[in-house]
**Q** 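Dumping the structure here so I can ask a few things about it.
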Amino acid sequence: MEPAQPANREPTDTTPPDGQPPVRSTAGPSPAAGEPALVEPATGPAPLAEAGEPALVEPAHGAARGGAGEHPAVPDDQPAPPARREKSRAERSPRDMALSLLVLLVPIALLLAFYRGFLGGDEPATVDPAPAVEQARAANTFPVSAPAGLAADWRTVSARYRTEPTGATLRIGYLTPEGRGAQLVQSNVPAEKLLPAELSGGQPQGTADLPGGRWQRYTARGNEQALVLLEPTRTVIVVGDAGDAELRQLANALR
């Protein structure tokens, strides 16, 4: 009878029974005292470490194996909440749009009121015709007449004396009491050249009953009409879109 053996002791005889393959022992040698035990990795077989060397332990981080990490995500890893958008134009109410428009219109209205009330924005700029009339008289190229006795609501808006190779011309522009335009033209340019240029090919319409010479009525550009006085040394034209009465008044005022 053999003596009893410890329970954890391997049998010395590893020969398998008849007809069975040999069985390889999976138990390694016991570590010596004081040496760390070998730890087998949790995933798959790995080469056994040499005796006396510590076993390598593979980290089980989720990032390395494509799975979820073992540690929870820190706040820095979470996406920031979306910034609060301002209210778009489509979401604005009609009241908001009306207030915005009012803010723009109020300064404009104040500027217009100041321009019209204090600067006379609606009033046309007036000029003094005297310098141009004196220049034409000093040139002594033709007799020069000037209106006299016109009411204060006849405003002179332009006055110019100009010399050309074919002659000299004095032009004075007026704004009539009815807010129409009228122009007085005096020139020694030949009438056959002056009339087509000033009246845009206007045609005579008969005589006009005016004192101081034989005035004729002419058509002119657009809706304008003209009164023409032909003299040997000059041609006088009163033309504009003013009414016939105002044109006659200007012609009668020439002195």
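Predicted model, so just to flag it, every value in this text is computed and none were measured.
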**Q** Considering residues, nucleotides and ligands other than Arg214, do more than 12 of their heavy atoms fall under 6.0 Å from its CZ?
**A**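 Atom CZ in Arg214 is not packed in, count stays at 12 or less.
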**Q** Does atom CZ of Arg137 have more than 12 heavy-atom neighbours from other groups under 6.0 Å away?
**A**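 Yes, because the 6.0 Å sphere around CZ of Arg137 holds more than 12 heavy atoms from other groups.
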**Q** Can you tell me how far CG of Leu150 sits from OG1 of Thr176, rounded to the nearest 0.5 angstrom?
**A**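 Thr176 OG1 to Leu150 CG: 11.0 Å, rounded to 0.5 Å.
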**Q** State plainly whether one hydrophobic cluster holds both Tyr161 and Val239, where clusters connect Ile, Leu, Val, Met, Phe, Trp and Tyr through side-chain heavy atoms under 4.5 angstrom apart.
**A**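 Looking at the clustering, Val239 is in a separate group from Tyr161.
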**Q** Could you grab the distance from atom CZ of Arg180 to atom CD of Glu246, nearest 0.5 Å is fine?
**A**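 Rounded to the nearest 0.5 Å, the CZ-CD separation comes out at 8.5 Å.
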**Q** For the side chain to side chain contact (heavy atoms under 4.5 Å, CB included) test, which of Asn252, Leu250, Leu229 pairs with Val238?
**A**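 Among the candidates, only Leu250 passes.
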**Q** OG1/Thr219 to CD/Gln225 distance, rounded to the nearest 0.5 angstrom?
**A**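 Here the rounded value is 10.0 Å.
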**Q** Tell me whether Tyr174 shares a hydrophobic cluster with Val185, the cluster being built from Ile, Leu, Val, Met, Phe, Trp, Tyr side chains joined at under 4.5 Å.
**A**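 Result: no, two separate clusters.
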**Q** State whether the number of non-hydrogen atoms from other residues, nucleotides or ligands found under 6.0 Å of Glu178 atom CD is greater than 12.
**A**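 Count not over threshold, so no.
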**Q** Do Trp215 and Leu194 share a hydrophobic cluster (ILVMFWY, side-chain heavy atoms under 4.5 Å, transitive)?
**A**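 Different hydrophobic clusters.
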**Q** Just do the side chain to side chain contact (heavy atoms under 4.5 Å, CB included) check on Val228 and Leu199 with the steps written out, would you?
**A** CA-CA 10 Å; Val228 178; Leu199 306 181; 4.2 Å; yes
**Q** If hydrophobic clusters are built by linking Ile, Leu, Val, Met, Phe, Trp and Tyr wherever their side-chain heavy atoms come under 4.5 Å apart, do Leu110 and Leu102 end up in the same one?
**A**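 Yes, it is one cluster - the side chains of Leu110 and Leu102 are joined through contacts under 4.5 Å.
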**Q** Please check if the number of heavy atoms outside Asp209 that lie under 6.0 Å from its CG is greater than 12.
**A**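 Result for CG/Asp209: open.
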**Q** After noting the C-alpha distance and the side-chain angles of Phe142 and Thr235, does the key distance pass the side chain to side chain contact (heavy atoms under 4.5 Å, CB included) rule?
**A** CA-CA 9 Å; Phe142 55 84; Thr235 300; over 6 Å; no
**Q** Sequence neighbours excluded, which residues qualify as salt bridge (Lys or Arg N to Asp or Glu O under 4.0 Å) partners of Asp244?
**A**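 If we apply the salt bridge (Lys or Arg N to Asp or Glu O under 4.0 Å) test to Asp244, skipping adjacent residues, the hits are Arg248.
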**Q** Taking the side chain as every heavy atom from C-beta outward, state whether Gln186 and Glu231 have any pair of such atoms under 4.5 Å apart.
**A**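 Gln186 does not reach Glu231 side chain to side chain.
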**Q** Tell me, do Thr126 and Leu175 make a side-chain contact under 4.5 Å, heavy atoms counted?
**A**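 The answer is no, as the side chains (C-beta and beyond) never meet within the 4.5 Å cut-off.
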**Q** Identify the heavy atoms of Ala208 and Arg217 that sit nearest to each other, and give their distance.
**A**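 Shortest heavy-atom separation between Ala208 and Arg217 comes out as CB-CG, 3.7 Å.
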**Q** For Ala191 and Leu230, work out which heavy atoms get closest and say how close.
**A**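 That closest heavy-atom pairing would be CB-CD2, 4.0 Å.
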**Q** Between atom CZ of Arg162 and atom OG1 of Thr169, what is the distance when rounded to the nearest 0.5 Å?
**A**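 If we round to the nearest 0.5 Å, Arg162:CZ and Thr169:OG1 are 8.5 Å apart.
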**Q** So, for Leu227 and Ala251, which heavy atoms are closest and what is the spacing to 0.1 Å?
**A**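 Where Leu227 meets Ala251 most closely, the heavy atoms are CD1-CB, 4.3 Å.
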**Q** Might you point out which heavy atoms bring Ser187 and Ala168 nearest each other, and give the distance in Å?
**A**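 Taking Ser187 first and Ala168 second, the nearest heavy atoms are OG-O, 2.9 Å.
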**Q** Please report the shortest heavy-atom distance between Gln205 and Gln203, naming the atom on each side.
**A**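 Closest approach of Gln205 to Gln203, heavy atoms only: NE2-O, 3.3 Å.
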**Q** Can you run down the side-chain hydrogen bond (donor to acceptor under 3.5 Å, both in side chains) pairs that involve residues 142-154, sequence neighbours left out, and say none if there aren't any?
**A**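 Applying side-chain hydrogen bond (donor to acceptor under 3.5 Å, both in side chains) to every pair that reaches into residues 142-154, excluding sequence neighbours, yields Ser145-Arg234.
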**Q** Among Ile237, Thr156, Leu254, find the one that has a side chain to side chain contact (heavy atoms under 4.5 Å, CB included) with Leu184.
**A**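 Considering Ile237, Thr156, Leu254, a side chain to side chain contact (heavy atoms under 4.5 Å, CB included) with Leu184 is found only for Leu254.
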**Q** For the atom pair CG (Leu104) and CG (Leu99), what is the distance rounded to the nearest 0.5 Å?
**A**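 It is 11.5 Å, given to the nearest 0.5 Å.
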**Q** So, does Asp241 use its side chain to make a donor-acceptor pair with the main chain of Gly181 at under 3.5 Å?
**A**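 Side chain of Asp241 to backbone of Gly181: a pair is present.
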**Q** Nearest heavy-atom pair of Leu170 and Ala136: which atoms, and what distance?
**A**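 Closest approach of Leu170 to Ala136, heavy atoms only: CD2-CB, 4.1 Å.
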**Q** Between atom CD of Glu164 and atom CG of Asn188, what is the distance when rounded to the nearest 0.5 Å?
**A**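 Glu164 CD to Asn188 CG: 9.5 Å, rounded to 0.5 Å.
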